[in-house]
2 protein chains.
Amino acid sequence: MPLHPEAQLLNQLIDREHPELGRALSSFGRRVYAPKGIPFQAQQASGCKVNATIGQITDGKGLPLPLDRLADLLKGLPQKEAFLYSPIQGRERCRTLWKNKLVAEDVRFSSLALPGVSLGICHALAMATDLFFERGDTLVVPDLYWDNYDQIFEVRHEAHMIHYPFFEGTTFNIQGLKQALGQVSGKVHVLLNFPNNPTGFSPTQNEIKQIADLLVSESAQRIVVVYCDDAYHGLVFEPTATPKSLFFELIDRHPNLIALKADGVTKELSFFGGRVGFLSLGFSGTVGQYFNEKICGLVRGTVGSPVGISQYLSEEELLDPHHEASFQNLKSILEKRYRVLKAGLSQRSPFWTPLPFNSGCFCLLRLKPGLQAEKVRQQLIQDESVGVVSHQENYLRIAFCSMTESDISFLLQALHRTCEKMLTMHS
Amino acid sequence: MPLHPEAQLLNQLIDREHPELGRALSSFGRRVYAPKGIPFQAQQASGCKVNATIGQITDGKGLPLPLDRLADLLKGLPQKEAFLYSPIQGRERCRTLWKNKLVAEDVRFSSLALPGVSLGICHALAMATDLFFERGDTLVVPDLYWDNYDQIFEVRHEAHMIHYPFFEGTTFNIQGLKQALGQVSGKVHVLLNFPNNPTGFSPTQNEIKQIADLLVSESAQRIVVVYCDDAYHGLVFEPTATPKSLFFELIDRHPNLIALKADGVTKELSFFGGRVGFLSLGFSGTVGQYFNEKICGLVRGTVGSPVGISQYLSEEELLDPHHEASFQNLKSILEKRYRVLKAGLSQRSPFWTPLPFNSGCFCLLRLKPGLQAEKVRQQLIQDESVGVVSHQENYLRIAFCSMTESDISFLLQALHRTCEKMLTMHS
């Protein structure tokens, strides 16, 4: 089916400025464009005395007509922000504040376009794969990864996945990543997630630089699409764990190296059900705006528009002079739990080995031979009323982000009892 | 690529109970399943004393730890509902209340499963197409339709579209729909949207029954997937316009007739930026739950989870004893504008003919020969500071939902002046 003329035009602009990006797009990614339809016409009429463009019920002067109970529940918020549509591309204020936050983290972000707004971080990742992942392409991802990547990459895009061991000794396995990349000739996709789910691990800043250098060198002869899943950004508890995203090290490093950053308010603003995420492309220049037009087309055709109220609320939090203190307070609560868990795990257990962790929301225990993670998980619920997540055959993931400090030692004792019982039962 | 065992199992359950539904699924639809991953394990642990399953920052007792400004802005809401994740399948209370609302509209809905929750009505439609639309399939849709169907069907699924004239005389063109369906052999997709965007038209209840009978008879030898886009449900202003969805007439009518209902709070609760929609399947029995597992898998892999806060707010509105009065009040505001616009258009114009309209948010004017809609639209912004939407070559859409009554006559006068000027300029 021939491309829509607007898609052709957008692709031409991309191909001229950055041919490698044009080639990296999937066939669906090349079909996507920001339609000059109703929202576009509404935008053009936004300054008019009379605006009869958009199918949004208002008082005729740009303010909503909320129903009574909704109006009452949200009476502390400006009604326009609480009830009306967000622009398809996201609220300008929200995007600007998020960009400012990222520039403050690393000034290299300042040359990039405003981030595109998604409906949560998963949606930012999913849109990125829509744009770049061709059916059957190869994704290189460690053996320990968020299970939803199976849905995003395998189920939708029939990805071929190449795994490598996450750890080499006590740190991230850069050699393993290199060897995995060596198994793929041609275009390849790489997903990296620090602080990591499920391990709770972040590398050092020096290791981040080594990873970036590796990805640059791997891009010499082919397209390398890198998805930086920064969902747990900012939650680091050791001076060795870098607080900075890998993404910054990839900006404008090589035209073949397509760096994508997915982040959002879910954990960073502790706003889980709000569903506001962001997707950024690591190239300076006008191409960032063309990329945002692709995002616009995707948002329009899959979810209509981003969440208005959640963007507004997130903006207000980011604008609050006490925001940083408020976030540090949240982080310190997690850090205390982290320390208690570290201390509890410092005693050797006959039943598990904790993998290295220094950040994020989780730690991962590798169970000793004879213990099956799924069976231990179920027994632990039944005997001890303790819930953990079984991961693959012999890992348990502990989410210390959702436990009190005082429950942590109870959990470890309960796990000890359950493992002991199960080994006895089977011996 | 082979199907995941969980997808195979889910498909077997569907194929056994309702083989036609199984055959109607797209190849991607057959790949989708609700993963027994972290959310599933978290659900199993939800009653535990200690729940360390989910990567959600809480106080360890199931309550969130919101940042200060966010907590302050939403202090009127329960924090759990305001900040934490919604279940992937949507909040039970939200789904139940929406189902109750639909059952109250038509008791035939009572035999169906709870609706699946989406992130807005567009997302419900997009998920439905993901499940049923195979690349290159044919969609039958009137010539006057919401332009975003191009994104949803053509851009993503490379749909072949067959159009037929929306109107036959002063009502919906059932014969045209029949002839269009006659052009397709084998599986076909049909989209119907009443009250309609862009025409603002709804058929009579008798015509709805005729449409349903036609769709049933067209399903005798093949799969017919019907998407009922009920975005503007409830906004009807004439006794002849049916207030009821076509969907109800399609429930359990024929095993080959796959009826899907997309609706939501956007217009029905005047909550545009909230992004809560619903997707329902028109078959009784356990198959509705299997279908919801497919929706779960889609939500998980594309947007992570639905919007928590917006679902909660919508529930509270639906539970409010004054909800119906509040909605009727909103509707009566629109109805007054509708009457003013009707009256204004009752005088013949040398420049346009209004198409029939009786419901929804819009009316559509067909411009007389010599007037190009896009040029008139731009001139109208420039000369009169009035925004309308140009549709195709010679239609203008007027959204009376976003105008005051008093602006309506001004708009018509301004449009008259602009049309007059443009015809003079070109003569």
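All chains are named by letter (A, B, ...) in the order of the sequence lines, taking the proteins before the strands, and each is independently numbered beginning at 1.
For chain B, the nearby parts of I381(A) are the backbone and the side chain; heavy atoms of each come within less than 4.5 Å. Only the side chain of L77(A) comes within less than 4.5 Å of a heavy atom in chain B; its backbone stays farther off. Proximity to chain A (any heavy atom under 4.5 Å) is shown, for Y149(B), by neither the backbone nor the side chain. For chain B, the nearby part of P306(A) is the backbone; its heavy atoms alone come within less than 4.5 Å. Residue A34(B): no heavy atom, backbone or side chain, is found under 4.5 Å from chain A. With a threshold of 4.5 angstrom between heavy atoms, T266(A) approaches chain B through side-chain atoms but not through N, CA, C or O. Heavy-atom distances place no part of I121(A) under 4.5 Å from chain B, backbone and side chain included. For R377(A), the part lying near chain B is the side chain, with the backbone staying farther off; criterion is any non-hydrogen pair under 4.5 Å. If you measure heavy-atom distances from F28(A) to chain B, the contacts under 4.5 Å come from the side chain alone. Proximity to chain A (any heavy atom under 4.5 Å) is shown, for L73(B), by both the backbone and the side chain. T129(A) does not touch chain B: none of its heavy atoms, backbone or side chain, sits under 4.5 Å away. For H323(B), the part lying near chain A is the side chain, with the backbone staying farther off; criterion is any non-hydrogen pair under 4.5 Å. In this structure, the portion of N148(A) lying under 4.5 Å from any heavy atom of chain B is its side chain and not its backbone. Looking at A82(A), the atoms closer than 4.5 Å to chain B (heavy atoms on both sides) all sit in the backbone: N, CA, C or O. With a 4.5 angstrom heavy-atom cutoff, L411(A) touches chain B only via side-chain atoms. For L380(A), no part sits under 4.5 Å from any heavy atom of chain B, backbone or side chain. Only the side chain of I333(A) comes within contact range of chain B, with heavy atoms under 4.5 Å apart. For chain B, no part of L125(A) is nearby; none of its heavy atoms comes within less than 4.5 Å. In this structure, chain A has a heavy atom under 4.5 Å from the side chain of L298(B), while its backbone stays farther away.
Between chain B and the options A126(A), A45(A), G308(A), S326(A), heavy-atom pairs under 4.5 Å are most frequent for S326(A). In terms of heavy-atom pairs under 4.5 Å with chain A, the best-connected choice from K49(B), R69(B), R135(B) is R69(B). Chosen from N329(A), N197(A), D320(A), L3(A), the residue pairing most often with chain B at heavy-atom distances under 4.5 Å is D320(A). Note: S390(B) leads G297(B), G62(B), S390(B), A42(B) in heavy-atom pairs under 4.5 Å with chain A. By number of non-hydrogen pairs under 4.5 angstrom with chain B, the leading residue of P198(A), G55(A), S86(A) is G55(A). Annotation: maximal heavy-atom pairing with chain A below 4.5 Å, among M127(B), H123(B), H160(B), E317(B), occurs at E317(B). Contact tally against chain A (heavy-atom pairs below 4.5 Å) for L84(B), I398(B), V32(B): the top residue is L84(B). Between chain A and the options S305(B), G76(B), G274(B), heavy-atom pairs under 4.5 Å are most frequent for S305(B). Counting heavy-atom pairs closer than 4.5 Å to chain B, the top-ranked of the candidates E405(A), H322(A), H4(A), R31(A) is R31(A). Contact count against chain B (heavy-atom pairs under 4.5 Å) is highest for Q56(A) among Q44(A), Q56(A), R397(A), E316(A). Counting heavy-atom pairs closer than 4.5 Å to chain B, the top-ranked of the candidates P39(A), C48(A), S406(A), A414(A) is C48(A). The choice from D150(B), I408(B), D407(B) that makes the most heavy-atom pairs within less than 4.5 Å of chain A is D407(B).
Between D130(B) and R156(A) there is a salt bridge, since at least one side-chain N of the basic residue sits less than 4.0 Å from a carboxylate O of the acidic one.
At a threshold of 4.5 Å between non-hydrogen side-chain atoms, the residues F271(A) and L67(B) do not count as touching. Using a 4.5 Å cut-off on side-chain heavy atoms (C-beta onward), I309(B) and V307(A) make no contact. Residues Q41(B) and E374(A) are in side-chain contact: their nearest non-hydrogen atoms beyond the backbone lie under 4.5 Å apart. The side-chain heavy atoms of V50(B) and M403(A), taken from C-beta on, include a pair separated by under 4.5 Å. Side-chain contact between L74(B) and L313(A) is present, with heavy atoms from C-beta onward closer than 4.5 Å. Side-chain contact check for C401(A) versus I57(B): some heavy-atom pair is nearer than 4.5 Å.
Interatomic distance, CZ of F272(A) versus OG1 of T58(B), reported as 8.5 Å (0.5 Å rounding). Taking CD1 of I54(A) as the reference point, atom CZ of F362(B) lies at 8.5 Å (rounded to 0.5 Å). Taken from OG1 in T302(A) to CD1 in I152(B), the straight-line distance is 9.0 Å, to the nearest 0.5 Å.
The minimum heavy-atom distance between I38(A) and W146(B), with the atom names listed, is CD1-CD1, 3.9 Å. Taking both residues in full, the closest heavy atoms of T53(A) and S402(B) are given as N-OG, 4.4 Å, listed atom of the first, atom of the second, then distance. Between G60(B) and R337(A), the shortest heavy-atom distance links the atoms N-NH2, 4.0 Å. Heavy atoms only, all atoms of each residue included: C122(A) and G304(B) are closest at SG-N, 3.5 Å.
When the salt bridge (Lys or Arg N to Asp or Glu O under 4.0 Å) test is applied to E154(A), no partner is found at least two apart in sequence or on another chain. Judged as a salt bridge (Lys or Arg N to Asp or Glu O under 4.0 Å), and not counting sequence neighbours, the contacts of K75(B) are D72(B).
In this structure, K61(A) places its NZ atom where only 12 or fewer heavy-atom neighbours from other residues, nucleotides or ligands lie under 6.0 Å away.
Formation of a donor-acceptor pair under 3.5 Å by the R275(A) side chain with backbone atoms of V303(B) is found in this model.
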Run the side-chain contact (heavy atoms from CB on, under 4.5 Å) test on L334(A) and L65(B) for me, step by step, so that the C-alpha distance in whole Å, both residues' side-chain angles and the decisive distance to 0.1 Å come before the verdict. CA-CA 10 Å; L334(A) 290 190; L65(B) 293 172; 5.5 Å; no

